[in-house]
Amino acid sequence: MVYRYNFNAGPGALPKEVLEEAQAELQSFQGMGASIMEISHRSKAYEAIHFEAQQLIRELMGLSQDYEVLFLHGGASLQFSMVPLNFLTEGKAAGYVHCGTWSGKAWQEAGKIGETRLLASGMETGFKQMPDLSRLPLSGDMAYVHLISNETIGGIQCHSFPDTGEVPLVVDMSSDIFSRPIDATPFSFIYAGAQKNLGPAGVTIAIVRRSLLECIPDTIPDILSYRIHAKHRSLYNTPPVFSIYMVNLVLKWIVKQGGVQGIGARNRQKADLLYNVLDNSGGFYEGLAYKDNRSIMNVTFRAHNPEIENRLLDELEQEGFLGLKGHRDAGHLRASIYNAVTYEQCKALSDFLIGFQRSNG
Ligand SMILES: *Cc1c(COP(=O)(O)O)cnc(C)c1O
C-alpha cells in the first residue's frame with residue numbers, strides 16, 4: 001500500500017509544504033540545537049509560536065475581542081463532555097440537533113451530565129439530509145443549542161446556521177473549520193479537533209465568547225474548565241506543543257492560499273469536480289447525501305452494485321488512491337477532500353472514476 005493520493009477522513013492529509021518546513025527544523029528549531037518538542041512550553045521561543053497561532057485563528061476567522069481562542073487536549077470527543085460540564089448548569093436543558101454519528105455521540109454524552117432535549121433529527125432520512133434548522137423549538141431555559149457543521153461520516157454539511165437569539169449556539173466544526181468563510185458572530189462556542197483540516201491530532205481548537213466564561217461553575221475540575229484555560233492563555237499545563245506548532249504552520253499556509261476565501265473557492269471547485277462525476281454517471285455512481293446538504297469536505301457515494309463497488313475499492317487502492325473506504329457506520333465510499341488535498345489530486349480521482357465506469361459500465 002503506497003500513498004499516491006491521500007483521501008483519508010482523519011487524520012487527514014497535511015500540506016506538503018508544511019511537512020517540509022517541519023522536517024527542515026525538526027532537530028533544531030530556529031537554529032536552537034533542540035526541537036520544539038524538547039524545549040520548555042514557558043520559553044519565549046515556544047510562547048511566540050503559541051500566541052501567533054492564536055492570533056492567526058483570530059485573523060482568519062475575523063474574531064472580535066469578544067472571543068477567546070483556546071488550545072485544549074482530548075480531541076473533539078472531550079468537548080462532547082466539556083461543553084455540558086461548563087455550560088449545562090443546574091435548572092437548564094441543552095438542545096441537540098442529531099444529524100449523524102458525531103452529533104449522536106455529543107448528545108449522548110451530554111445526557112450523562114444534565115438534561116438534554118432533541119431539537120431536530122435527520123434520522124428519518126438516514127442522516128442523508130440536515131434537519132430543518134430554521135424552526136428549532138427553543139425555550140428560555142436552554143443552556144445552549146449544539147450543532148455539527150459538517151457530519152464527517154455521512155457527508156452532509158450546514159450551508160446556513162440558525163438564529164438562536166439569546167440561547168448560545170455551540171458548534172463542532174472539526175471537519176470543516178477554515179474550509180470556507182464563516183461568520184463567527186452567531187456562535188458562542190466553536191470547537192474543532194485539529195487532525196482534519198488544521199494539523200496533527202493532539203490539539204483541539206476552541207473559540208469561546210468571553211461573556212460565557214463568567215458563568216462557568218467553580219465546582220468542575222480546573223483542567224476541564226474553559227475559564228481556567230482562558231485565564232492561563234492555554235498554558236495551564238503542558239500543551240501539545242508539537243501539534244500546536246504544526247497548526248501554526250498550517251495556518252500560515254492557509255494565509256498564503258488566500259485565506260478562507262481562497263481556500264473556500266478552491267474547495268468548492270474540488271467538490272464540484274467529484275459530484276459532477278457522480279451526477280453525470282447515469283446511475284453508475286450515486287452520491288449518498290441529498291444535494292442541498294452535500295459536504296464540500298467529505299464526498300460520500302456508492303457504486304450501483306456491491307460487486308462493482310468492491311472491485312472499485314481494490315483498484316483504487318492498487319493505484320494509490322487511499323482512504324476511500326467509507327466509515328464502518330455508513331459504508332460505501334468517501335473521499336475526504338480537506339484543505340490540503342489539491343485540485344490536481346481530485347482531478348486524478350475524478351478521471352479514475354470516469355475511466356473505471358468506462359471499463360466496467
Ligand atoms: C473526527 C470528529 C470528531 C472526533 O474527533 P476526535 O478528535 O477523534 O475526538 C468529532 N466530531 C466531528 C465532526 C469529527 O469529524
Side-chain angles (χ1 to χ4, degrees), residues 1-20 22-23 100-101 128 150-157 174-176 179 193 195-201 246 250 253 266-289 294-361:
M1 215 168 81
V2 176
Y3 280 86
R4 285 177 67 208
Y5 308 101
N6 185 351
F7 292 96
N8 273 317
L14 287 167
K16 190 164 175 282
E17 299 91 313
V18 166
L19 292 173
E20 283 166 356
Q23 182 180 35
T101 305
K128 291 182 166 130
N150 184 69
E151 270 285 0
T152 324
I153 293 171
I156 59 173
Q157 191 171 28
S174 291
S175 53
D176 67 350
S179 68
Q195 70 272 21
K196 284 152 190 159
N197 246 344
L198 271 183
M246 289 293 287
V250 171
W253 176 85
R266 228 185 42 192
N267 283 336
R268 181 78 262 164
Q269 291 172 345
K270 284 153 52 184
D272 284 348
L273 196 60
L274 293 174
Y275 285 120
N276 282 337
V277 172
L278 309 181
D279 293 343
N280 297 331
S281 71
F284 186 85
Y285 301 114
E286 188 197 346
L288 297 183
R294 282 174 165 177
S295 165
I296 60 164
M297 293 278 95
N298 309 97
V299 178
T300 52
F301 62 106
R302 61 195 195 97
H304 67 98
N305 88 49
E307 194 192 320
I308 294 277
E309 193 166 290
N310 285 333
R311 192 183 312 157
L312 172 60
L313 278 164
D314 284 348
E315 287 192 21
L316 282 165
E317 191 171 315
Q318 277 162 28
E319 292 299 313
F321 292 94
L322 295 175
L324 285 143
K325 194 161 171 44
H327 188 272
R328 57 185 184 276
D329 285 358
H332 306 295
L333 291 100
R334 169 176 53 173
S336 297
I337 50 173
Y338 298 127
N339 288 347
V341 177
T342 64
Y343 181 85
E344 291 67 33
Q345 290 164 343
C346 293
K347 181 77 172 69
L349 177 60
S350 86
D351 288 347
F352 181 87
L353 292 173
I354 292 167
F356 181 84
Q357 178 177 2
R358 210 169 283 142
S359 1
N360 294 273

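The basis for the numbers below is simple: all heavy atoms, side chains too, and nothing from hydrogens, waters or symmetry mates.
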Could you tell me whether the side chain of [Y] reaches within less than 4.5 Å of the side chain of [X], counting heavy atoms only?
| X | Y | answer |
| --- | --- | --- |
| Leu316 | Leu349 | yes |
| Thr152 | Met297 | no |
| Leu278 | Val299 | yes |
| Leu19 | Met246 | yes |
| Tyr285 | Asp279 | no |
| Leu288 | Leu333 | no |
| Leu312 | Asn360 | no |

*Enter the distance from Lys270:NZ to Lys347:NZ here, rounded to the nearest 0.5 Å.*
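Spacing of NZ (Lys270) from NZ (Lys347) equals 15.5 Å.
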
*To the nearest 0.5 Å, tell me how far Asn8 CG sits from Arg334 CZ.*
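Going from the CG atom of Asn8 to the CZ atom of Arg334 covers 9.0 Å.
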
*Between Cys346 and Val341, is a side-chain contact (heavy atoms from CB on, under 4.5 Å) present by the stated rule, with each step listed?*
CA-CA 7 Å; Cys346 293; Val341 177; 4.0 Å; yes

*asked:* With side-chain contact (heavy atoms from CB on, under 4.5 Å) as the criterion, how do Phe284 and Leu353 come out once you've worked through the C-alpha distance, each side chain's angles and the decisive distance to 0.1 Å?
replied: CA-CA 10 Å; Phe284 186 85; Leu353 292 173; over 6 Å; no

*asked:* Under the side-chain contact (heavy atoms from CB on, under 4.5 Å) test against Ser175, which residue among Asn298, Ile153, Asn197 passes?
replied: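 Answer to the side-chain contact (heavy atoms from CB on, under 4.5 Å) test with Ser175 among Asn298, Ile153, Asn197: Asn298.
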
_Glu307 CD: over 12 foreign heavy atoms closer than 6.0 Å_ =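 No, not enclosed.
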
_Can a donor-acceptor pair be found, under 3.5 Å and without considering hydrogens, that links the side chain of Gln195 to the backbone of Gly10?_
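Not confirmed, Gln195 side chain does not pair with Gly10 backbone.
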
_Quick one about Glu286 and His304 (side-chain donor to acceptor, distance below 3.5 Å, no hydrogens or angles considered), yes or no?_
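His304 vs Glu286: no donor-acceptor pair found between side chains.
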
*If you measure only the distance, is there a donor-acceptor pair under 3.5 Å linking the side chains of Ser179 and Asn339?*
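Side chains of Ser179 and Asn339: no pair found under 3.5 Å.
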
*Measure the acute angle between the ring planes of Tyr5 and Phe7, then classify it against the limits of 30° and 60° as parallel, tilted or perpendicular.*
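Ring orientation of Tyr5 relative to Phe7: tilted.
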
*Given Ile354 and Arg358, is the side-chain contact (heavy atoms from CB on, under 4.5 Å) satisfied, shown in steps?*
CA-CA 6 Å; Ile354 292 167; Arg358 210 169 283 142; 3.3 Å; yes

*Can you spot which of Tyr3, Phe356, Phe352 makes a ring-ring contact (aromatic ring centres under 6.0 Å, His included) with Phe321?*
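With Phe321 as partner, Tyr3, Phe356, Phe352 yield a single ring-ring contact (aromatic ring centres under 6.0 Å, His included), made by Phe352.
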
